[in-house]
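Input: a single structure, listed below in C-alpha cells.
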Number of protein chains: 2
Amino acid sequence: MATANPLISKLERFVRLSTDDKRALEELVQRKLHRVTARMDILREGERPETLKIVLSGWACRYKALEDGRRQILSFFLPGDLCDLNVFILREMDHTLSSLTMLSYAEITRDMLEHVTSNYPRITQALWWDTLVAMAVQREWTLNVGQRTALERMAHLLCELFVRMEAIGHTQGNSCEFPLLQSDLADATGLSTVHVNRTLQELRAQNLIVLRAKELTIPDLEALKEAALFNINYLHLEHEGRALDANAT
Amino acid sequence: MATANPLISKLERFVRLSTDDKRALEELVQRKLHRVTARMDILREGERPETLKIVLSGWACRYKALEDGRRQILSFFLPGDLCDLNVFILREMDHTLSSLTMLSYAEITRDMLEHVTSNYPRITQALWWDTLVAMAVQREWTLNVGQRTALERMAHLLCELFVRMEAIGHTQGNSCEFPLLQSDLADATGLSTVHVNRTLQELRAQNLIVLRAKELTIPDLEALKEAALFNINYLHLEHEGRALDANAT
DNA sequence: CGGTCCCTTGACAGCCGTCAACTACCGTGG
DNA sequence: CCACGGTAGTTGACGGCTGTCAAGGGACCG
C-alpha cells in the first residue's frame, strides 16, 4: 500500500526519510493543489516554468511537436512523478506538459524548493536521484524508437508502464489501470495509429497482453519482457540509496 | 577563442565565474588526466561509475546495445562535456561510454566533486544547468528518431553537432572537424549504414552539406535548419544564467 | 602491392504509413 | 426505450520509405 502522499513513497524508494523530512514534504505538496480534466495542456513549449509540478493522481505526459503537427510523447508521468525541474534554471520550456486523464497535482515554487534543498540534504539527494533516473528513462526511450521493431517497441513500453505502476502499488495482480489511447501509444512509439492497432493485435495473439476497457493485463510478464528485450536496469529500482539512512546523519 | 580549459569556457556560457571559481575548476581538472585511443570503451554498462569524466579534447559517445547487437548511440560528447553525473547516485551504468577519436579527459572523484559543490555555489548551479541541457538534448533525440524522416533526421544531427562545435569555438567559418563514420551516424539516427549513405548523397545533391575527409561544411546553415525542422531552443544557449554574476553574491 | 577499412551503388524485399471504410462503444436526448 | 452522434478501435488495399544483401571502388598502410 502506498502512503497517502505518493511523492514520499517515491523518494523513500531511494532514501530513508526522517519524520522531519516527511513533514517537510507533506507541507511542500499541500500548499498549492490543482485539478485539471483529461487532455489539457498544463505548461506549453515556449512558456517560462515558474513552479515544479508533482503528480498526485492521474496520468500526464510531456511531448514535443514539429511545425507540421507530428508529435512525439517523451515521457509519461504517474502519481509521485515530478515535472520540469527546469524551473530552477532554464528560461523557457522546450516541450509541453499535458494531462492524459483527470489529474491532480501540486505546485512547488522556486522559493519553497530552495528552502527544502538547503535544509534537507536527504531530500535534495533524492531529487537528484529522481532526475538521474528520468534521464536514464529518456535514454531508454531513444533506444526504443531508434532500434526496436514495432512489436518489441510496444512490448517494451507496456513493460515499463506496468513495472512503474507496480513500483507505486497501482497494480492488482497481473493487471493495472491503463488510460492511454492507441493514438497515445502511437505518439510515444513513433508508429502510426493503424500500426499500433496491428501490433497490439499481434501481442494479443501471442497471449502476451490483454488490453481493453482501459485495463492492461499481462499474463506472463517474463514472456513480455523477453519479447521486448526489456532490461530493467535503466529504472534503477535497486534501492541503492537506502544507505542514506535518516538515522545515520 | 576558447579558454585553455574547455570546462571553464562551457560553464561560463551559463554563469560568470569568479577567479576563485576558475581556480577551483582548474584544479579539479588537472588532478587525473587520461588519454585513450579512438574507439575504446571507457566505462561499460553494468560497471559502477566511480568518477565523473570531462572531455578535454576529442569526441566521445554513449551508447546502449541490445542483446542481438543492435546499437543506439545516445549522445555525443565534445570538448568540455561531462559524462555520467551518475557517479553521485546510481549504482551501475545502464549504458557504455566510448571514445570516438583519440581522446583526453579528466576524472573527478566523488570527494573532489562534493568539495566543490559545497564550497562553490555558482559552479554547482552551472553543473545543474549542464545536466538539464543534457536532458533536453536527449528529449530532442527521442523526437528525432521517433518522428523525423531519414533526411530530416540526418540534417538535424548535423545541425546540432555544428552548432555545438560553434558554441565551443571549434568551427572555422562554415566548416568544422567531423570525425564520425557513416556507421556512427547510422547508430545515432537509427538508420542502416546504406541508408545513411543515400541520405548524405541527397543532402549533398541539395547543396546542404559538403562532407568529406572528416570535415563538414555547411554552405547555408539556415537552409539546413529548415530541412531539419531544427529549433535551437532545446540547446538552451540563451546565456540566461549570466544573471548569476560572480560579483553579485 | 596486397589488405583492410570505409564508402558507394544496385536490386529487391518487407515493414510500416496512408487512405478509407466499417464496427463497437458510450453518453445524451427525444 | 430507442435514435443518434461522436470518439475510439478495427480492418483491407496499396504504396513507399528504408533495410538487407551483395558487389565494387577508393584511400590508406604495412
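Quick caveat: nothing in here was measured; it's all calculated off a predicted structure. The chains referred to below are lettered A, B, ... by the order of the sequence lines, with proteins before strands, and numbering in each begins at 1.
At the heavy-atom level, L200(A) lies nowhere under 4.0 Å from the strands shown. As judged by a 4.0 angstrom heavy-atom cut-off over every strand, R204(A) is placed among residues touching the sugar-phosphate backbone only.
With no hydrogens or angles considered, a side-chain donor-acceptor pair links S75(B) and R62(B) at under 3.5 Å. A side-chain donor from one of Y63(A) and D41(A) sits under 3.5 Å from a side-chain acceptor of the other. Remark: the H170(B) side chain and the E177(B) side chain contain no N/O donor-acceptor pair separated by less than 3.5 Å. Residues N144(B) and E140(B) have side chains that never bring a donor and an acceptor to within less than 3.5 angstrom of each other.
You'll find the ring centres of Y234(A) and H156(A) inside the 6.0 Å limit.
Contact check of residues 139-161 of chain A against DNA chain D (heavy atom, cut-off under 4.0 Å) returns no residues at all.
Considering only side-chain atoms of S192(A), the nucleotide from dT18(C), dT18(D), dT20(D) that sits closest is dT18(C). Across dC7(C), dT18(D), dG9(D), the shortest atom-to-atom separation from the side chain of L191(B) is found for dT18(D).
Summarising the geometry, the separation between CG on L203(A) and C1' on dT10(D) is reported as 16 Å, rounded to the nearest angstrom. Taking atom CZ on R212(A) and atom P on dC25(C), their separation rounds to 11 Å, with Å as the unit. Whole-Å rounding puts the D68(A) CG to dT18(C) P distance at 11 Å. Rounded to an integer number of Å, the gap from NZ of K214(A) to C1' of dA24(C) is 14 Å. Atom NE2 of H195(B) is separated from atom P of dA11(C) by 17 Å (rounded to the nearest Å). Rounded to an integer number of Å, the gap from Q182(A) CD to dG17(C) C1' is 16 Å. Following rounding to the nearest Å, L180(B) (CG) and dC6(C) (P) show an atom-to-atom distance of 13 Å. In this structure, F178(A) atom CZ and dA8(D) atom P are separated by 15 Å, rounded to whole Å.
For the pair R48(A) and E92(A), the salt-bridge criterion is not met [side-chain N within less than 4.0 Å of a carboxylate O]. In this structure, R13(B) does not pair ionically with D130(B), as no charged nitrogen and carboxylate oxygen lie closer than 4.0 Å.
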Can you check nucleotides 11-16 of chain D for protein contacts, nitrogen or oxygen pairs under 3.5 Å, and list what you find?
from    : atom 1 : to      : atom 2 : distance (Å)
dT11(D) : OP2    : Q201(A) : NE2    : 2.8
dG12(D) : N7     : R198(A) : NH2    : 2.8
dG12(D) : O6     : R198(A) : NH2    : 3.2
dA13(D) : N6     : R198(A) : NH2    : 3.2

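Using a 4.5 Å heavy-atom cutoff, the side chains of Y105(A) and I42(A) are in contact.
Without hydrogens or angle criteria, K53(B) side chain to T51(B) main chain gives a donor-acceptor distance under 3.5 Å. The main-chain N or O of D187(B) is found under 3.5 Å from a side-chain atom of Q72(B) such that the two form a donor-acceptor pair. Checking side-chain atoms of R148(A) against main-chain N and O of A228(A) turns up a donor-acceptor pair under 3.5 Å. The backbone N or O of M40(B) lies less than 3.5 Å from a partner atom in the side chain of S98(B), making a donor-acceptor pair.
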Summarise protein proximity over nucleotides 23-30 of chain D in one line of letters, 5' to 3': B for base, S for sugar-phosphate only, - for none, counting protein heavy atoms closer than 4.0 Å.
--------
